[in-house]
Number of protein chains: 2
Amino acid sequence: MALGHAVLAALLQGEASGYDLAKAFNASVANFWVATPQQLYRELDRLEADGLIAGRVVEQQRRPNKRLFSLTPAGLEELAAFTAAPSRPTSIKDELLVKVQAMDVGDTDAIREALQDRLAQAQEKLAGYERLREALLAGRDEDDYLLHAQRIGPYLTLMRGMAFEQENIEWVRRCLETLAAR
Amino acid sequence: MALGHAVLAALLQGEASGYDLAKAFNASVANFWVATPQQLYRELDRLEADGLIAGRVVEQQRRPNKRLFSLTPAGLEELAAFTAAPSRPTSIKDELLVKVQAMDVGDTDAIREALQDRLAQAQEKLAGYERLREALLAGRDEDDYLLHAQRIGPYLTLMRGMAFEQENIEWVRRCLETLAAR
DNA sequence: TTCTGATAGTCAACAAAGTGAGTAGGTACG
DNA sequence: CGTACCTACTCACTTTGTTGACTATCAGAA
C-alpha cells in the first residue's frame with residue numbers, strides 16, 4: 001500500500017473528493033508522489049473498504065454528485081504506524097535521464113528539445129510551488145512558521161520539491177550548454 | 001517498455017550479464033532508474049526475444065555460467081528512436097517524503113531515525129558517485145572531458161545524481177534541525 | 001569445520017501501478 | 001453556435017514491481 005499511504009497523508013489536509021486528490025497529486029503532492037485519477041479512484045475504494053477513510057456523497061446542483069473522503073481514526077492510526085515502519089528505498093524513474101544517458105547514440109536535436117521542455121516544466125512547477133509556499137506562510141516569516149505552525153510536514157515536503165525543481169533547472173541548463181559547446 | 005530502454009542505455013557501456021546490470025542498477029544507473037534483479041532478468045529475456053539485445057553464454061571455470069548481453073543494431077536503433085520520442089513526466093515516489101508530510105500525526109522519533117538513515121544513505125551514495133566521477137574523468141579536467149570525451153551521457157546523468165543526493169543531505173539536515181528546535 | 005557472503009543465476013505467483021478510452025453534464029470564450 | 005475545457009467518475013486491460021523460494025560454487029573467517 002504505497003500509494004495508499006500517500007493518499008492518507010494527503011487527506012490530512014482535510015476532506016477531499018477523488019477529483020480534488022487528482023489535482024493535488026498533480027500539484028502539491030506531486031513533490032513526492034504522482035498518480036493518475038484512475039489510480040486514485042481505485043485506491044480510494046480500497047481504503048474505504050479497509051475502513052481507513054470514510055466517504056460521504058455530496059449532491060450538487062449544477063455539477064455531478066461527488067464523494068468526499070476523510071480519514072477515519074483507523075486511517076490516522078495506520079498513517080502513524082506507517083511513519084514508524086522502515087521504508088523502501090526511493091524509486092527514481094526519469095525517462096529524460098535515460099535519454100541523456102543514451103544521448104551519444106541518439107537524436108541530439110530531439111534531446112535538446114526534450115531538455116528545453118523539461119526546463120519549461122520545471123520553471124512552471126517551481127512557480128506553482130512558490131505560490132503554494134506563500135499561501136502556507138500567509139505572511140509569516142519562515143523561521144517563525146517552522147517553530148510555531150501546527151502542521152509543518154507539508155511545508156517541509158514543499159521545500160524538498162522546490163529544491164528538486166531548482167536542481168532540475170540548473171542541471172538542464174548545464175546539459176544544454178554542454179550540447180551547445182560540442 | 002520503460003525499464004527496457006533503461007537497460008538498453010545501460011548496455012551502451014558494453015556487454016553485461018544480468019548480475020552486472022543488477023549491480024549497475026543499484027549504483028551508477030540508480031541515478032535515474034532502480035530495478036530488482038528479477039525485473040532485470042525478465043526484461044533481458046523480453047529484449048532478447050524482441051531481438052534488441054543478443055546474449056551469449058560464457059562458461060566459467062570456478063563460477064556458474066553466465067549470459068552476457070549486448071545491443072544489437074535493432075536495439076541501438078530502438079534506443080535512438082526512444083530519444084526522439086516524447087517522454088512521460090517523471091514519477092517521484094519517496095516514502096520518506098510521505099512520512100515527513102504526515103509527521104505532525106506520526107511518530108516523531110521514528111521519523112527522526114528515518115531521516116538519519118536517509119542522511120547516511122545519501123552520504124554513501126554521494127561518495128560512491130564521487131568515485132565513479134573520478135573514474136570517468138580519469139585525471140582529465142571536467143570542461144575538457146565534456147568537450148572531448150566520446151560519451152558524455154553517463155557523466156551528465158551522474159552529475160544529476162550527485163546534485164540529487166547533495167540536495168537530499170541538505171534537506172534532511174534542515175528537517176532534523178527543525179525537529180530539534182520544536 | 002561450519003558458516004557467511006559473494007558470484008550468477010532461475011522460477012512462480014501475486015500485488016500494485018499505469019494506460020487508454022469512455023460517459024455525461026456544465027461553463028466560458030469568441 | 002460551436003468548441004474546448006472543467007467537473008466527476010468508471011471500466012478494461014497491460015505492464016511493473018514484489019515476495020519468496022531454489023540451485024550451485026568458491027573464498028575467507030570464526
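Every chain is numbered from 1, with letters handed out A, B, ... down the list of sequences. These values consider heavy atoms only, across backbone and side chains, with no hydrogens, waters or symmetry-generated copies. A quick note: this is a predicted structure, and the numbers were derived from the prediction, not measured.
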Please confirm whether the shortest side-chain N or O distance from [X] to OP1 or OP2 of [N] is below 4.0 Å.
X        : N       : answer
Ser17(B) : dG9(C)  : yes
Lys23(A) : dC9(D)  : no
Arg88(B) : dT19(C) : yes
Arg67(B) : dT7(C)  : no
Tyr19(A) : dT7(D)  : yes

Exercise. Ignoring hydrogens and angles, are the base of dG20(C) and the side chain of Gln38(A) linked by a donor-acceptor pair under 3.5 Å?
Worked result: yes
Exercise. Quick one: the side chain of Gln39(B) and the base of dT18(D), do they pair up donor-acceptor inside 3.5 Å?
Worked result: no
Exercise. Given side chains that start at C-beta, do those of Arg67(B) and Asp45(B) come closer than 4.5 Å, heavy atoms only?
Worked result: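 Heavy-atom side-chain distance check passes, below 4.5 Å.
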Exercise. If each of Val34(A) and Pro37(B) is mapped to the nucleotide of DNA chain C with the nearest heavy atom, which maps nearer the 5' terminus, i.e. the 5' end?
Worked result: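 Here Pro37(B) is the residue nearer the 5' end.
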Problem set entry | Contact nearer the 5' end of DNA chain C, comparing Gly18(B) with Glu43(A) |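 Going by which nucleotide is closer to the 5' end, it is Gly18(B).
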Heavy-atom closest contact ([X] atom, [Y] atom, distance):
X         : Y         : value
Glu165(B) : Leu126(B) : CB-CD1, 4.2 Å
Ala74(A)  : Gly51(A)  : CB-O, 3.7 Å
Ala163(B) : Glu167(A) : CB-OE1, 3.1 Å

For this session: Sequence neighbours left out, what pairs pass side-chain hydrogen bond (donor to acceptor under 3.5 Å, both in side chains) with at least one residue falling in residues 171-182 of chain B?
Result: Glu142(A)-Arg174(B)
Could you tell me how far apart [X] ([atom1]) and [N] ([atom2]) are, to the nearest whole angstrom?
X        : N       : atom1 : atom2 : answer
Glu95(B) : dA16(C) : CD    : C1'   : 13 Å
Arg63(A) : dT27(C) : CZ    : P     : 6 Å
His5(B)  : dT15(D) : NE2   : C1'   : 14 Å
Leu3(A)  : dG17(D) : CG    : C1'   : 14 Å

For this session: Compute the bend angle of the helix from dT1(C)-dA30(D) to dG30(C)-dC1(D) from the end axes (five pairs per end), rounded to 10°.
Result: 40°
Problem set entry | Arg133(A) bridged to Glu130(A) by N-O distance under 4.0 Å |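 Answer for the salt bridge query: yes.
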Exercise. Counting any heavy atom closer than 4.0 Å, what does Ala2(B) reach on the DNA or RNA strands: base, sugar-phosphate only, or nothing?
Worked result: sugar-phosphate
Exercise. What nucleic acid atoms does Asp20(B) come within less than 4.0 Å of, heavy atoms only: base, sugar-phosphate, or nothing?
Worked result: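 No contact.
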Exercise. Does Lys66(A) count as lying over the ring of Tyr19(A), i.e. NZ or CZ under 6.0 Å from the six-ring centre, within 45 degrees of the axis?
Worked result: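 No; the conditions do not both hold, so Lys66(A) does not lie above the ring face of Tyr19(A).
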Exercise. Picking from dG17(D), dT16(D), dT10(D), which would you name as closest to the side chain of Arg42(B)?
Worked result: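 The listed nucleotide nearest to Arg42(B)'s side chain is dG17(D).
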